[in-house]
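Since the structure comes first, as structure tokens, the remarks are kept for the end.
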Amino acid sequence: MSRTATRTARAIHQVARPDGMPTAEQFAFVDDELPPLTEGSALVENAYLSVDPYMLGSMEGGEGGWELNAPLEGRSVGRVVESRSAALPVGATVIHRQGWRTHAVVTRADVRVLPDLPGVPLSAFLGVLGGTGLSAYVGLTRIARLAPGEDLFVSAAAGGVGTAAGQLARLLGARRVIGSAGSPAKTAFLTEQLGFDAAFDYHDGPVADLLTAAAPDGIDVYLDNVGGDHLAAAIGAMRDFGRIAWCGAIAQYTTEPPAAPHNLFELVGRSIRLEGFLVRNHMDAQEELYELLAPHLRSGRVISPKTVLDGFDRTVDAFLGVLTGANTGKMLVRL
Ligand SMILES: NC(=O)c1ccc[n+]([C@@H]2O[C@H](COP(=O)([O-])OP(=O)(O)OC[C@H]3O[C@@H](n4cnc5c(N)ncnc54)[C@H](OP(=O)(O)O)[C@@H]3O)[C@@H](O)[C@H]2O)c1
């Protein structure tokens with residue numbers, strides 16, 4: 001790209017608030033004027049955009065919510081194409097939070113400069129190495145403290161966090177890894193390609209029954225991405241001193257929250273610990289994750305599964321798709 005080629009970015013604004021499941025009409029594609037490069041700033045051309053379920057909460061407004069008719073936020077990896085910052089040379093690859101647009105003007109403080117990890121694809125920095133993988137890593141190591149020989153259940157197992165969790169659990173020495181997902185193709189992917197010991201489609205019956213069949217001896221750790229009936233089922237299947245790392249509750253993001261699990265009091269009888277967490281409070285674990293996973297990504301023992309929609313104009317489709325299960329692995333947009 002020439003020095004003067006790009007002075008506008010194609011961007012997506014939110015023009016109306018969702019009430020339940022969002023729709024494409026609540027977004028608009030616009031041309032945003034980019035600020036001029038000043039000393040210390042650089043122009044980044046985004047290569048991949050991340051779309052994530054948590055974004056729905058920001059779109060709904062309220063405290064900390066996103067403004068209407070304004071640029072949206074989201075993680076993106078891109079390359080510096082023009083620079084007035086010695087710390088951000090042209091060609092550097094960076095991750096930053098100005099997603100939902102084709103280009104962004106950033107400073108060094110706005111970005112993480114990506115390490116050069118030969119053999120690791122750029123998209124992995126938004127997948128198993130990104131906030132998605134880090135959520136799984138933090139949930140398993142810091143919150144649930146999964147120990148070698150223990151049995152794990154993870155829900156939304158074929159998604160970004162779930163596929164990272166299953167593979168990380170193996171590296172951490174888990175005995176059995178069990179997952180739930182929303183289709184036979186996804187459960188086959190988990191058992192045939194990702195090394196899960198068992199997987200079930202949660203549409204096939206009451207989750208408690210399906211989990212009992214998949215884990216007849218119970219579980220030690222549950223990484224919860226779904227909430228609702230999955231959480232109740234996991235409590236029911238949990239052994240004494242089990243741990244639940246509560247990462248998300250996608251079953252209630254577009255509907256009224258269900259009542260608390262009917263069997264919550266079982267936490268007391270079996271000394272079970274349930275703890276919620278936000279990955280943003282654990283960013284200090286990022287380097288640890290790179291170090292752990294880089295050699296395994298190179299050798300192919302660990303993969304960063306992804307569903308990629310091509311073209312910036314597919315961004316809204318990708319976001320709506322991640323809420324409805326259109327993805328296997330991390331949902332990404334490639335520009
Ligand atoms: N605490 C944190 O800091 C943190 C950070 C990142 C993510 N999260 C949470 O982690 C979870 C997974 O996030 P992700 O980015 O990896 O997304 P993801 O799992 O890649 O995508 C979401 C998946 O949820 C499943 N799903 C949708 N509706 C469902 C329902 N009613 N019941 C069961 N499953 C349903 C869909 O797969 P199926 O086809 O299997 O239904 C969909 O693919 C989300 O709850 C997210 O909010 C939390």
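Between L114 and L129 the shortest side-chain heavy-atom distance does not fall below 4.5 Å. Counting heavy atoms from C-beta outward, R17 and L68 have side chains that approach closer than 4.5 Å. Two residues are said to be in side-chain contact when any heavy atoms from C-beta on lie closer than 4.5 Å; P22 and L320 meet this criterion. For the pair P118/R298, a side-chain contact is recorded, criterion being any heavy-atom separation below 4.5 Å from C-beta on. Counting only heavy atoms from C-beta outward, the side chains of L267 and I235 approach each other to under 4.5 Å. No side-chain heavy atom of K306 sits less than 4.5 Å from a side-chain heavy atom of P121. Using a 4.5 Å cut-off on side-chain heavy atoms (C-beta onward), P18 and L56 make contact. Residues P89 and V80 fail the side-chain proximity criterion, which asks for heavy atoms closer than 4.5 Å.
Checking D220, N225, D224 one by one against Y222, the side-chain hydrogen bond (donor to acceptor under 3.5 Å, both in side chains) holds for a single residue, D224. Evaluated for a side chain to side chain contact (heavy atoms under 4.5 Å, CB included) with L289, the options T141, L168, V128 yield exactly one hit, L168.
Nearest heavy-atom pair, A174 versus L146, reported as atom, atom and distance to 0.1 Å: CB-CD2, 4.1 Å. Summarising the geometry of T132 relative to G160, their closest heavy-atom pair is CG2-C, 3.1 Å, with the distance given to 0.1 Å. In terms of heavy-atom proximity, F196 sits nearest to G179 at CD2-N, 3.6 Å. Considering every non-hydrogen atom in both N327 and T307, the closest pair reads CA-OG1, 3.5 Å. Counting all heavy atoms, side chain and backbone alike, V113 lies closest to A87 at CG2-O, 4.5 Å. The minimum heavy-atom distance between F153 and A234, with the atom names listed, is CD2-CB, 4.2 Å.
The OG1 atom of T8 sits 13.0 Å away from the CZ atom of R101 when rounded to the nearest 0.5 Å. Between F200 atom CZ and T191 atom OG1 the span is 13.0 Å, to the nearest 0.5 Å. Of the inter-residue distances, the one linking I178 atom CD1 with L210 atom CG reads 12.5 Å to the nearest 0.5 angstrom. Atom CG in L293 sits 12.5 Å away from atom CD1 in I303 (nearest 0.5 Å). How far CZ of R314 is from CG of L49: 13.0 Å, rounded to the nearest 0.5 Å. Of the inter-residue distances, the one linking H13 atom NE2 with N69 atom CG reads 7.5 Å to the nearest 0.5 angstrom.
Although no hydrogens or angles enter the test, the distance criterion places a donor-acceptor pair under 3.5 Å between the side chain of R170 and the main chain of R175. Between the side chain of R108 and the backbone N or O of L88, no donor-acceptor pair lies under 3.5 Å. Remark: side-chain polar atoms of S41 are not paired, donor with acceptor, to backbone N or O of L37 under 3.5 angstrom. In this structure, the side chain of E73 does not engage the main chain of M55 through any donor-acceptor pair within 3.5 Å. Under a 3.5 Å cut-off, the side chain of Q14 and the backbone N or O of W66 do not form any donor-acceptor pair. In this structure a side-chain-to-backbone donor-acceptor pair under 3.5 Å is missing from D52 to Y54. Side chain of E291 to main chain of E288: no donor-acceptor pair is present (N/O by atom type, distance under 3.5 Å, no hydrogens or angles). The backbone N or O of H96 sits nowhere less than 3.5 Å from a side-chain atom of R112 that would complete a donor-acceptor pair. Using modelled atom types, one side-chain atom of E150 and one backbone atom of A147 make a donor-acceptor pair closer than 3.5 Å. Distance alone, capped at 3.5 Å, is enough to place a donor-acceptor pair between the Y253 side chain and the A249 backbone.
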Salt bridge (Lys or Arg N to Asp or Glu O under 4.0 Å) evaluation trace for R79 with E45: CA-CA 5 Å; R79 285 191 184 80; E45 186 170 48; over 6 Å; no
CA sep, side-chain torsions, deciding dist, call: D217, R176, salt bridge (Lys or Arg N to Asp or Glu O under 4.0 Å): CA-CA 10 Å; D217 302 329; R176 294 193 79 232; over 6 Å; no
Carefully, step by step, assess L194 and Q167 under the rule side-chain contact (heavy atoms from CB on, under 4.5 Å). CA-CA 7 Å; L194 273 199; Q167 298 182 88; 3.7 Å; yes
Please determine whether ring-ring contact (aromatic ring centres under 6.0 Å, His included) holds for the pair F125 and Y48, giving the CA-CA distance in whole Å, both sets of side-chain angles, and the decisive distance to 0.1 Å. CA-CA 10 Å; F125 289 96; Y48 285 95; over 10 Å; no
For the pair I143 and R243, evaluate side-chain contact (heavy atoms from CB on, under 4.5 Å) and give the outcome as yes or no after the intermediate values. CA-CA 8 Å; I143 310 300; R243 284 91 62 207; over 6 Å; no
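Counting heavy-atom neighbours within 6.0 Å of D240 CG, excluding the residue itself, gives a total above 12.
The pair R239-D151 meets the salt-bridge criterion, with a side-chain N (NZ, NE, NH1 or NH2) lying under 4.0 Å from an Asp/Glu carboxylate O. R142 and E275 are not joined by a salt bridge, as no carboxylate oxygen comes within less than 4.0 angstrom of a charged side-chain nitrogen.
Ring geometry, F27 versus F319: the interplanar angle exceeds 60°, so the pair is classed perpendicular (tilted spans 30 to 60°).
Using modelled atom types and a 3.5 Å distance limit, the side chains of K330 and S304 yield no donor-acceptor pair. No side-chain N or O of D209 forms a donor-acceptor pair with one of T212 less than 3.5 Å apart. Under 3.5 Å, the side chains of D32 and H103 contain no donor-acceptor pair of N or O atoms.
Linking Ile, Leu, Val, Met, Phe, Trp and Tyr whenever their side-chain heavy atoms come within less than 4.5 Å puts Y290 and Y137 in one cluster. Residue V161 is grouped with residue L140 when hydrophobic side chains (ILVMFWY) are merged at heavy-atom distances under 4.5 angstrom, including chains of intermediate members. Note: the hydrophobic cluster containing I219 also contains L231 (ILVMFWY, side chain heavy atoms under 4.5 Å, direct or indirect links). Under the 4.5 Å side-chain heavy-atom criterion for grouping Ile, Leu, Val, Met, Phe, Trp and Tyr, V77 is connected to L297 within one hydrophobic cluster. Follow the hydrophobic side-chain contacts under 4.5 Å out from V111 and you never reach L134; the two are in separate clusters.
Annotation: salt bridge (charged side-chain N to carboxylate O under 4.0 Å, His left out) contacts of D31 (sequence neighbours excluded): R10.
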